[in-house]
Amino acid sequence: MIPKKIASATAFVTGAAGGIGRCLVDALLARGVKRIYVADLHASGVDPFKGDARLVPIDLDITDEASVVSAAARAADTTLLINNAGVNLRAPFLAAPSMAAARREMDTNYFGTLAMCRAFAPLLMRNSSGDGSAIVNVLSILAKVTLPNLGSYCAAKAALLRLTEGIRAELGGEGVKVLAVMPWAVDTPMSGPFPGVKTPPAEIAAGTLDALERGDEEAYFHAFTDEINAALKTDPKALERSLAATFRRAR
């Protein structure tokens, strides 16, 4: 059965050309969504985005406010905003050769998503009648903890989690749901070399839409995210020491 809310949605997906974003597009199409604005740096040149009349490619740089404002104007009927675009430069705090990686990760993962939320929130509030509207922010469980070798990425995702909680409060009573998606390592190039098990991006996409339909505020994937949440409740300092030791072994 196609969930009514998803089937009636007009979606806007950032970072749509690959990884989780591409799988989100496929999952939305499979669930009967009315239209998807597929946004990426060069979305208009991606052949798969031209194969379905419901797909509307939009070239978008979320770090460029003018680009964001233009995208919102083109997609004024959006009822489901999925902020998936992000960058992971795998840079530690102190050992990174410069501040460039930290600035780029914060600019993309935090400020870029903030710009998207600011531009689209008025549209989502206006379009929230009927089945309502929603914002989905794709984060990481590393929004709650720090792997020192991914230092500035973790910091940017932590800032994005605070943003997600804040806009949820600001949009309370406006008919706009806000969902934070926090997986462990995902099987995409963005995750880079990783010794453990990675979650398939298609699983993240399907689970995200399921969580949205249930009205969840947070979605987690992989047993390790459950372990992290449990450890944060029982002994967060022990968890911090464990992750630090893992980092030291990996260097």
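Numbers here simply count residues along the sequence, with the first being 1.
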Checklist line | Criterion side chain to side chain contact (heavy atoms under 4.5 Å, CB included) against M182, the qualifying member of T225, L139, N137 | finding: L139

Notebook entry, point to check: Looking only at heavy atoms, what is the nearest atom pair of L171 and A121, with distance?
Noted result: CD2-CB, 4.4 Å

Next item on the list: State plainly whether the residues E165 and R168 are in salt-bridge range, i.e. N to O under 4.0 Å.
Entry: no

Notebook entry, point to check: Applying the side chain to side chain contact (heavy atoms under 4.5 Å, CB included) test to V13, which of I20, I36, D40, V138 qualifies?
Noted result: I36

Margin query: Quick check: do L60 and F12 have side-chain heavy atoms less than 4.5 Å from each other?
Written below: yes

Check: Between the main-chain N or O of E174 and the side-chain N or O of S128, is there a donor-acceptor pair closer than 3.5 Å?
Finding: yes

Margin query: Are L243 and L232 connected into the same hydrophobic cluster when the rule is that any two of I, L, V, M, F, W, Y join if their side-chain heavy atoms are below 4.5 Å apart?
Written below: yes

Next item on the list: Might you point out which heavy atoms bring A43 and F49 nearest each other, and give the distance in Å?
Entry: O-CD1, 3.6 Å

Notebook entry, point to check: Do you know which two heavy atoms are closest between C154 and T146, and how far apart they sit?
Noted result: SG-CA, 3.9 Å

Notebook entry, point to check: Is there a donor-acceptor contact under 3.5 Å from the side chain of R22 to the main chain of P201?
Noted result: no

Next item on the list: Would you mind reporting whether L55 and K50 have side-chain heavy atoms less than 4.5 Å apart?
Entry: no

Check: Taking the side chain from N149 and the backbone from P92, do they hold a donor-acceptor pair closer than 3.5 Å?
Finding: no

Next item on the list: State, yes or no, whether a side-chain contact exists between L28 and L80 at a heavy-atom distance under 4.5 Å.
Entry: yes

Note to self: Set out, in order, the CA-CA distance, both residues' side-chain angles and the distance that settles side-chain hydrogen bond (donor to acceptor under 3.5 Å, both in side chains) for S44 and D59, then state yes or no.
What the structure shows: CA-CA 6 Å; S44 60; D59 292 342; 2.9 Å; yes

Next item on the list: Evaluate side chain to side chain contact (heavy atoms under 4.5 Å, CB included) for F221 paired with I141, printing each intermediate quantity in order.
Entry: CA-CA 9 Å; F221 302 86; I141 192 63; over 6 Å; no

Check: Can you tell me if CZ on R126 sees more than 12 non-hydrogen neighbours from other groups inside 6.0 Å?
Finding: yes

Check: Side chains of T79 and N127: is there a donor and an acceptor less than 3.5 Å apart?
Finding: no

Check: So do C23 and I204 actually touch side chain to side chain, heavy atoms under 4.5 Å?
Finding: no

Check: Are M125 and V68 linked, directly or through other ILVMFWY residues, by side chains that come within less than 4.5 angstrom of each other?
Finding: yes

Next item on the list: Could you tell me whether the side chain of E65 and the main chain of A115 form a donor-acceptor pair under 3.5 Å?
Entry: no

Check: Backbone N or O of A238 within a donor-acceptor pair of the S242 side chain at under 3.5 Å?
Finding: no

Next item on the list: With sequence neighbours excluded, tell me which residues meet ring-ring contact (aromatic ring centres under 6.0 Å, His included) with F224.
Entry: W184

Item checked: Connected via hydrophobic side-chain network under 4.5 Å: L41 and M116 -> no

Notebook entry, point to check: To the nearest 0.5 Å, how far apart are CZ in F93 and CE in M99?
Noted result: 10.5 Å

Item checked: ILVMFWY network linking V46 to L24, side-chain heavy atoms under 4.5 angstrom -> yes

Check: With sequence neighbours left out, which residue pairs that include part of residues 69-84 fulfil the salt bridge (Lys or Arg N to Asp or Glu O under 4.0 Å) condition?
Finding: R35-D77

Notebook entry, point to check: Has the side chain of N109 got a donor or acceptor atom that lies under 3.5 Å from a matching backbone atom of V87?
Noted result: yes

Item checked: Lys/Arg N to Asp/Glu carboxylate O, D210 vs R214, below 4.0 Å -> no

Note to self: If I take atom CG from residue D52 and atom CG from residue D26, how far apart are they, to the nearest 0.5 angstrom?
What the structure shows: 10.0 Å

Notebook entry, point to check: Hey, quick one: are F111 and Y153 part of the same hydrophobic cluster, counting side-chain heavy atoms closer than 4.5 Å, chains of contacts allowed?
Noted result: yes

Check: Do the side chain of T63 and the main chain of D107 share a donor and acceptor less than 3.5 angstrom apart?
Finding: no

Margin query: Is any side-chain heavy atom of F120 closer than 4.5 Å to one of N83?
Written below: no

Next item on the list: Just do the side chain to side chain contact (heavy atoms under 4.5 Å, CB included) check on K144 and L142 with the steps written out, would you?
Entry: CA-CA 5 Å; K144 292 188 169 186; L142 298 181; over 6 Å; no

Check: Between I167 and L163, is a side chain to side chain contact (heavy atoms under 4.5 Å, CB included) present by the stated rule, with each step listed?
Finding: CA-CA 6 Å; I167 63 171; L163 164 63; 3.6 Å; yes

Next item on the list: State, to 0.1 Å, how close A211 and L179 come at their nearest heavy-atom pair, and which atoms those are.
Entry: CB-CD2, 4.1 Å

Next item on the list: Without swapping roles, check the side chain of S70 against the backbone of A66 for a donor-acceptor pair under 3.5 Å.
Entry: no

